K.L.:
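I am attaching a structure below and will ask some questions about it afterwards.
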Amino acid sequence: MIEQEIYNKLKEHFGDAIVELKEAPPSDPFIQVNPERLQDICLYLRDEGDMLFDYLSNLSGMDLAENLGVVYHLYSMKYKHTIVLKVTVSKENPNVPSVERIWRTADWHEREAYDLFGVIFEGHHNLIRILNPYDWEGYPLRKDYKTPEEYHGIKVPY
Amino acid sequence: MGLLNKLDDPYYGGGIILGTLEDVLNWGRSKSDWYLQFGLACCAIEFMAVNASHFDFMRFGCIPRTSPRQADFMIVSGTVTMKMAERIKTLYEQMAEPRYVISMGSCANCGGPYWEHGYHVLKGVDRVIPVDVYVPGCPPRPEALEEGMIKLQKMINEQAIFNKRKRLREAEEKEKSVSDVVLSQN
Ligand code: SF4
């Protein structure tokens, strides 16, 4: 299926929770969805007979200056089609439902997005830092992040 | 260096070597240095090449040890992150004296490509442990690391073992007086 068909089908099923389909050349077109119903949408995409998106090839965080975003790249092993989902949340309340139960790949990817962007994935079974030390402060890939002066008594800047 | 060359010396000849005990001890130490086996980043790939048969690190008498208790020196080969810095310090403290450190590559020397925007990178491993030999490069070629090893062997050969503190102090004073002379001339 092409993106437009997938979008139409999702729109039919979930109505307002599907915001829009956007062309974004040169990268793939993406479907903006509402974070509230993300889990239902993802389950539907994985299990519906003519979608079967059984593979989450990437999950990444984004800093959109005012908001935070999460991007999901899905792929179907059977039909060989792909789709990109995006959700945005505010920086004050960065809660996104976890898709870790739907695709196990999401486990570490969500921990990474939490570690570097501070997106909180609700329902994740073990949401702790994955790359930085556990006691690290702040979320380094946010655009307003400031490099700390020292870490455990070691000077950080050059 | 040193000791075996004396065999070729016409005055010593005949299979007899005369030398100080320090010479003998240093010779033994410099020719059987065992290193702590760990690699950190891309430099570790080059380090592995040095270990393999083509460059053959073992001809320097270097054998990899996986325990810091058995190691004589460590090669910090690559990017030292903040998380790793504390572990490197622990490893260094676990090594028995005498112990030496070779810092391999720009990252371990000064932060390398991460010097400005690397919030997570230690800007030079000498901020946590003392370094004896710096090998520059990103990554250094295997030959460069071998030269670093030769430098280290030379250093070990010339090190003081007996009356160490007194001799180190004397060397320091000598250096200071030389630099004083240079400064007064300017
Ligand atoms: S010095 Fe260069 S090659 Fe070595 S670890 Fe750093 S970036 Fe990698």
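Here is how names work: the chains are called A, B, and so on, in the same order as the sequence lines, proteins then strands, and each is numbered from 1. We use all heavy atoms of the structure for the numbers below, so side chains are in, but hydrogens, waters and symmetry mates are not. Predicted model only: the values in this text are computed from it and were never measured.
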K.L.:
Counting only non-hydrogen atoms closer than 4.5 Å, does A:Lys155 touch chain B with its backbone (N, CA, C, O), its side chain (CB onward), both, or neither?
P.N.:
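Both parts, backbone and side chain.
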
K.L.:
Answer with side chain, backbone, both or neither: which region of B:Glu116 has an atom nearer than 4.5 Å to a non-hydrogen atom of chain A?
P.N.:
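Neither part.
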
K.L.:
Carefully, step by step, assess B:Ser103 and B:Asn109 under the rule side chain to side chain donor-acceptor pair (under 3.5 Å).
P.N.:
CA-CA 6 Å; B:Ser103 157; B:Asn109 292 346; 2.5 Å; yes

K.L.:
Could you tell me which non-hydrogen atom of A:Asp115 sits nearest to which non-hydrogen atom of A:Leu131, and how far apart they are?
P.N.:
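So the two residues come closest at OD2-N, 2.8 Å.
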
K.L.:
Would you indicate whether B:Lys89, at its atom NZ, is surrounded by more than 12 heavy atoms from other residues, nucleotides or ligands within a distance under 6.0 Å?
P.N.:
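Result for NZ/B:Lys89: open.
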
K.L.:
For the interface with chain A, which of B:Ala85, B:Gly111, B:Cys110 has the highest count of heavy-atom pairs at distances below 4.5 Å?
P.N.:
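Sorted descending by pairs with chain A, the first entry is B:Cys110.
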
K.L.:
Classify the ring geometry of B:Phe60 against B:Phe57: parallel below 30°, tilted from 30° to 60°, perpendicular beyond 60°.
P.N.:
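Rings of B:Phe60 and B:Phe57: perpendicular, as their planes differ by over 60°.
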
